[in-house]
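Report on the structure given below.
In what follows, chains are A, B, ... by sequence order, proteins preceding strands, each numbered from 1. For clarity, every value in this text was computed on a predicted model and none was experimentally measured.
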Amino acid sequence: MLSATKSVFVTVGTTKFEALVERVDSLELLRALKSKGYTSIIIQKGNGAYCPSVIVPKGQTKATTEGVQVEYFDYSPSLASYIASAALVISHAGSGSIFETLTAGVPLIVVPNPLLMDNHQVELGEQLADMGHLVSAAPDELLTAVRSFDASRLVPYDKGSAQGMVRSIDRQLGFAA
Amino acid sequence: MEMQVVTNLHTGVLWGAGFLVAGVLLLALRMLYVMFRRGPAPARTKPAKTLIVLGSGGHTAEMLMLMDSLDKARYSPRSYVVAATDPMSGPKALARERLWQKKDSPTGFRIQQIPRSREVGQSYITSVATTLYSLVFAFGLVLREAPELVLVNGPGTCIPICAAAFVYRVLGLTRTQIVYVESIARTRRFSLSAKLLYHLRMADLLFVQWEQLARTYPRAVYAGRLY
């Protein structure tokens, strides 16, 4: 019998976010996810030097730990397919990943990178968290956030549209509606 | 005789100074006029030549989303400007344009590079030099292209281009409209680029993607979100 997989996709985006990868590489977090019914963890770790070595044996990129499948990779050109097939995304707070996940209708926990110089990532994460579309957590709060996470309490996100801007620009340039 | 020469010199200097003051005043008045009395362009049917600055990363992604929805036949030919240090945006625009050129009528486009004014972590003194260089470069580029629309969404790379377009408009050389779209990541505070373009009244249209930002900055326009 094929049991349904419920996978968690962790993504740090195009650069690196070692604090996030380190927090995810924890047996406590793995157990918290397992108790929520998730069966696999896929980590896109970016180009940071830190490689998971707790939830997968050191030097391996794939393993089954306490019944949870774990794998990690640096980068993939098609993160969209990982996001779409995930049951939960834990992401850096870049606007691309955020909206790709929200518009795919996948539950999302964002972790803004505190090391970014001008940290407007926090702003976007908090705004969308206030609106109930996602949960925003600092790296140190991730475990608590996962333990209290309830996907059914999230508010679905309605996709935006460029049509309003297009109409304004057309009018500004003198094109008839 | 000698008195005469000195008097003539004095008169000359006075006239010269007078012209200079009058010129500066006229220019200042013209600048204030452009800053405060700008409205939509007159009705048109011909396409508008468009200069698009791709700011890298999330900026480029948002700009290409907007371009997806704009009528490409109206906004053509299109000229994309990318920072020399950004290897990703050029190919992304190229890929998107190839799709559009297939679907819409082929209207022409080009992609060119501009030196970046400041790299992350660059020192202050060298920043001044590179900023000056990118300003000179931008003034040349905008004069060559003479776009009717400059479409920008940050970050700092777009400021020299906007400054050039604004100065040429003040001088009456072009009628470029400047449209800025603040990033969706800015929910409560303006970015530095938005602050500059808003307070110096350089943008004809300044979009924000959150209603509360439009309440803080009344001349900013909320017309929905790209994502």
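In this structure, the portions of A43(B) lying under 4.5 Å from any heavy atom of chain A include both its backbone and its side chain. With a 4.5 Å cut-off on non-hydrogen atoms, P155(B) does not touch chain A at all. Of the two parts of Y222(B), neither the backbone nor the side chain holds a non-hydrogen atom closer than 4.5 Å to a non-hydrogen atom of chain A. Only the side chain of L205(B) comes within contact range of chain A, judged by heavy atoms closer than 4.5 Å. Looking at L102(A), neither its backbone nor its side chain comes within 4.5 Å of chain B, counting heavy atoms on both sides. Heavy-atom distances place the side chain of F207(B), and not its backbone, under 4.5 Å from chain A.
Looking at every heavy atom in both residues, L173(A) comes nearest to R44(B) through O-CD, 2.9 Å. The nearest pair of heavy atoms linking T187(B) to E123(A) is N-OE2, 2.6 Å. Pairing each heavy atom of D170(A) with each of Y75(B), the nearest pair is OD1-OH, 2.6 Å. Contact detail for E62(B) and S95(A): the closest heavy-atom pair is OE2-OG, 4.3 Å.
For residues 50-64 of chain A, heavy-atom neighbours of chain B at less than 4.5 Å comprise no residues at all. Contacts of residues 145-163 of chain A with chain B at a heavy-atom distance below 4.5 Å involve Y157(A), K159(A), G160(A), S161(A), A162(A), Q163(A), listed in sequence order.
Y227(B) places none of its side-chain heavy atoms less than 4.5 Å from the side chain of I98(A). Contact of the M165(A) side chain with the M65(B) side chain is not registered, since no non-hydrogen atoms from C-beta on lie closer than 4.5 Å.
By the salt bridge (charged side-chain N to carboxylate O under 4.0 Å, His left out) test, R96(B) is found to be paired with D68(B), residues two or more places apart in sequence or in another chain being considered.
Under the ring pair (Phe, Tyr, Trp, His ring centres under 6.0 Å) criterion, no residue pair touches residues 18-47 of chain A, with sequence neighbours excluded.
If you run side-chain contact (heavy atoms from CB on, under 4.5 Å) between I169(A) and each of V179(B), T50(B), D71(B), only V179(B) comes through.
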